[in-house]
Amino acid sequence: MSEDMDLEDADLTEAARKLFSGPVSFLKSAPELKFLPDPGAPEIAFAGRSNVGKSSLLNKLTNRNALARTSNTPGRTQELNYFEVGDPVRIRLVDMPGYGFAKAPKDLARRWRYLVNDYLRGRQVLKRALVLIDSRHGIKEVDQEVMKMLDDAAVSYRVVLTKADKIKASELAEVTARTEGEARKHPAAHPEIIVTSSEKGLGMDRLRAAVLEAALT
Ligand code: GTP
Ligand code: MG
């Protein structure tokens with residue numbers, strides 16, 4: 001029984017690795033919902049606070065250095081940026097603007113709510129959201145609000161810890177356990193979280209497999 005499970009996992013991991021090492025390209029940037037592309041493939045969205053590492057993770061996942069623009073300055077990504085994986089296209093990855101940026105002007109925060117809430121709630125082809133959490137900070141109140149919104153909209157999501165290279169192993173074990181405990185309280189969250197570092201390439205096989213698995217459901 002468990003051997004079969006392992007075999008399935010290994011197959012999925014291998015299929016995901018192949019898919020992500022194949023063609024990946026930028027499709028379009030949607031500053032407003034009316035600019036979203038017509039549904040054409042299952043979508044996986046990267047959500048999280050500004051500067052948490054969404055664009056970096058998308059680049060690492062696809063083995064591209066500069067596919068999605070990254071920056072030290074929070075608020076780099078302002079639109080829904082679409083990337084296509086595979087030829088023919090199997091999955092669309094959506095790099096979202098960050099939330100919870102303290103210095104963001106009020107109208108930016110409002111734009112985020114409209115754009116992102118409406119996208120997350122209303123998009124039929126959205127198969128899963130990845131909610132990225134900085135390992136150094138854990139889940140913050142603003143993350144809880146977004147997770148609650150996803151629960152209410154019944155959008156299935158997975159919590160992903162980022163920047164694991166930035167803290168000590170003992171701290172990482174602690175924040176992982178704490179974050180997993182939190183995730184389990186949320187009905188739409190996957191009970192297992194994924195620990196990653198875009199800097200070190202940690203967790204990429206698992207994340208690729210999770211993305212492919214979500215796209216296949
Ligand atoms: P917004 O688009 O502003 O919402 O930010 P984002 O979530 O897309 O973050 P981005 O990928 O631009 O990364 C923000 C900063 O964190 C950059 O300076 C990255 O180099 C850095 N960073 C991202 N991931 C990692 C990581 O795994 N380890 C380390 N050490 N730094 C990282
Ligand atoms: Mg970004």
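Note: hydrogens, waters and symmetry copies are ignored here, and every other heavy atom, side chains too, is used. Everything numeric here is computed off the predicted structure, so don't read it as measured data. Both counts, for ligands and for their atoms, begin at 1 and track the order of listing.
By the criterion of a heavy-atom distance under 4.0 Å, both the backbone and the side chain of Asn51 are placed next to ligand 1. The proximity of Lys200 to ligand 1, defined as any non-hydrogen pair under 4.0 Å, does not occur for either the backbone or the side chain.
Heavy-atom distances between Ser197 and ligand 1 reach below 4.0 Å in at least one pair.
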For residues 168-175, which side-chain donor-acceptor pairs fall under 3.5 Å, sequence neighbours excluded?
{"residue": "Glu171", "atom": "OE1", "partner": "Lys168", "partner atom": "N", "Å": "3.2"}
{"residue": "Glu174", "atom": "OE1", "partner": "Arg178", "partner atom": "NH2", "Å": "3.4"}
{"residue": "Glu174", "atom": "OE2", "partner": "Arg178", "partner atom": "NE", "Å": "3.3"}

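Each of the following atoms of ligand 1 lies closer than 4.0 Å to a heavy atom of Ser56: 10 (P), 11 (O), 13 (O), 19 (C), 23 (C), 24 (N). Of all atoms in ligand 1, numbered sequentially from 1 with element shown, those under 4.0 Å from a heavy atom of Ser198 are 24 (N), 26 (C), 27 (O). Of all atoms in ligand 1, numbered sequentially from 1 with element shown, those under 4.0 Å from a heavy atom of Gly98 are 4 (O).
Between the Asp143 side chain and the Lys140 main chain, a donor and an acceptor come within less than 3.5 Å of each other. A donor-acceptor pair is defined here as one N or O able to donate and one able to accept, closer than 3.5 Å; such a pair exists between the side chain of Thr196 and the backbone of Leu161.
By the 3.5 Å distance cut-off applied to N or O atoms, Met96 is not counted among the residues near ligand 1. Distances between N or O atoms of Leu57 and those of ligand 1 include no value under 3.5 Å. Taking any N or O of Ala164, backbone or side chain, none lies under 3.5 Å from an N or O belonging to ligand 1.
For Asp151 and Lys148, the salt-bridge test fails: no basic side-chain N is under 4.0 Å from an acidic carboxylate O. Checked for salt-bridge contact, Lys163 and Glu199 miss the test: no charged N lies under 4.0 Å from a carboxylate O.
Open room surrounds NZ on Lys18; 12 or fewer heavy atoms of other groups in view lie less than 6.0 Å from it.
Using modelled atom types and a 3.5 Å distance limit, the side chains of Tyr82 and Asp95 yield no donor-acceptor pair. Counting only N and O atoms by type, the side chains of Asn81 and Ser29 include a donor and acceptor under 3.5 Å apart.
Residue Ser55: an N/O/S atom is found under 2.8 Å from the Mg ion (ligand 2).
The option with the heavy atom closest to atom 32 (C) of ligand 1, from among Arg49, Lys163, Lys60, is Lys163.
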